[in-house]
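We count ligands from 1, going down the list as the structure has it; atoms in each ligand are counted the same way.
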Amino acid sequence: MHFVDAKGLLTGSGGHFGMNIYRGCSHGCIYCDSRSKCYQFTHPFEDIEVKQNAPELLEAALRSKRKRVMIGTGAMSDPYMHCEESLGLTRKCLEVASKYECGIAVQTKSDLVLRDIDLLEEINRKAKAVVQITLTTYDDDLCKILEPSVCNTKRRIEVLEKMHERGIPTIVWLTPICPFINDTPENITSILEECSRVGVKGVICFDMGLTLREGDREYYYAALDKHFPGLKEKYIARYGNAYEVPSPDSKALMNLFRNKCKERGMLYRPDDCFKYMYELPDRYEQLSFF
Ligand code: SF4
């Protein structure tokens with residue numbers, strides 16, 4: 001890893017911002033879009049760039065905001081990857097968010113987020129905290145192949161359960177669904193049933209498929225060669241160099257997904273999930289000290 005002093009931290013406008021404290025990621029997911037060439041990494045993806053001044057930048061940005069805001073983190077790299085354990089920058093940023101009573105939506109695959117459960121609970125009391133966890137496969141052996149360097153699905157479901165017990169709302173990202181790997185009705189059903197059991201508020205799934213582009217595709221294909229011999233050739237024959245790589249059963253699986261979520265009372269339209277996630281209830285606005 002290497003350290004930089006970043007010039008800015010928040011992206012976006014209005015009442016909702018994004019924040020990435022780290023660049024690159026050590027979780028090793030075989031399908032990771034963030035390693036695509038278009039993001040112009042000038043260092044190896046696993047050589048994490050650490051924005052060491054992130055808490056100070058966040059504090060400066062929040063001090064100048066007239067209204068409280070929601071901040072999402074984890075879209076491009078996991079805020080709870082291994083180095084966070086010793087660096088604690090995500091935690092420091094949460095402390096700043098709590099101080100300024102701003103809302104937080106963290107997205108992760110790591111159980112390290114449990115370390116900050118007290119802080120997330122505090123933020124949720126003052127403003128709003130949403131924990132988003134990605135789940136791709138119910139089969140923990142397959143999980144070890146798809147996402148080799150982070151905790152397995154069983155553990156992530158425990159994280160969701162613990163958050164729910166503390167009143168912290170949760171959203172699940174059911175993505176990506178890799179053709180001929182995890183695109184089965186049994187997998188989707190098992191994940192959704194567990195989501196329902198542990199009180200997940202909504203599940204985000206745009207489509208049953210994945211995206212592949214330069215940089216990401218080569219990494220993914222190397223993993224297919226290693227773990228699923230012959231599957232790369234099947235992909236090449238079926239999808240060529242397409243960016244969108246849908247499951248052949250996409251339509252049926254999407255119907256299953258929507259029906260299951262409806263039946264279990266979970267949000268399933270992406271817009272509804274995002275609206276829920278980024279809305280700060282009025283009562284919090286009234287408490288604003290700005
Ligand atoms: S956790 Fe996210 S950013 Fe990290 S390797 Fe996996 S997909 Fe990529």
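Counting side-chain heavy-atom gaps under 4.5 Å among Ile, Leu, Val, Met, Phe, Trp and Tyr, V150 is found in no cluster with other residues.
Residue contact check for ligand 1: M76 places a non-hydrogen atom closer than 4.0 Å to it.
Looking only at distances, no side-chain donor or acceptor of T153 sits under 3.5 Å from a matching main-chain atom of Y138.
Partners of K232 by side-chain hydrogen bond (donor to acceptor under 3.5 Å, both in side chains), not counting sequence neighbours, listed by chain and number: D225. The side-chain hydrogen bond (donor to acceptor under 3.5 Å, both in side chains) search around N259 returns none, not counting sequence neighbours.
Summarising the local packing, NZ of K201 is surrounded by 12 or fewer heavy atoms from other residues, nucleotides or ligands at distances under 6.0 Å.
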For Y235 and Y220: C-alpha separation, side-chain torsions, deciding distance, then whether ring-ring contact (aromatic ring centres under 6.0 Å, His included) applies. CA-CA 11 Å; Y235 269 63; Y220 184 69; 5.6 Å; yes

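Within the sub-2.8 Å shell of atom 4 (Fe) of ligand 1, the protein contributes these N/O/S atoms: C25 SG.
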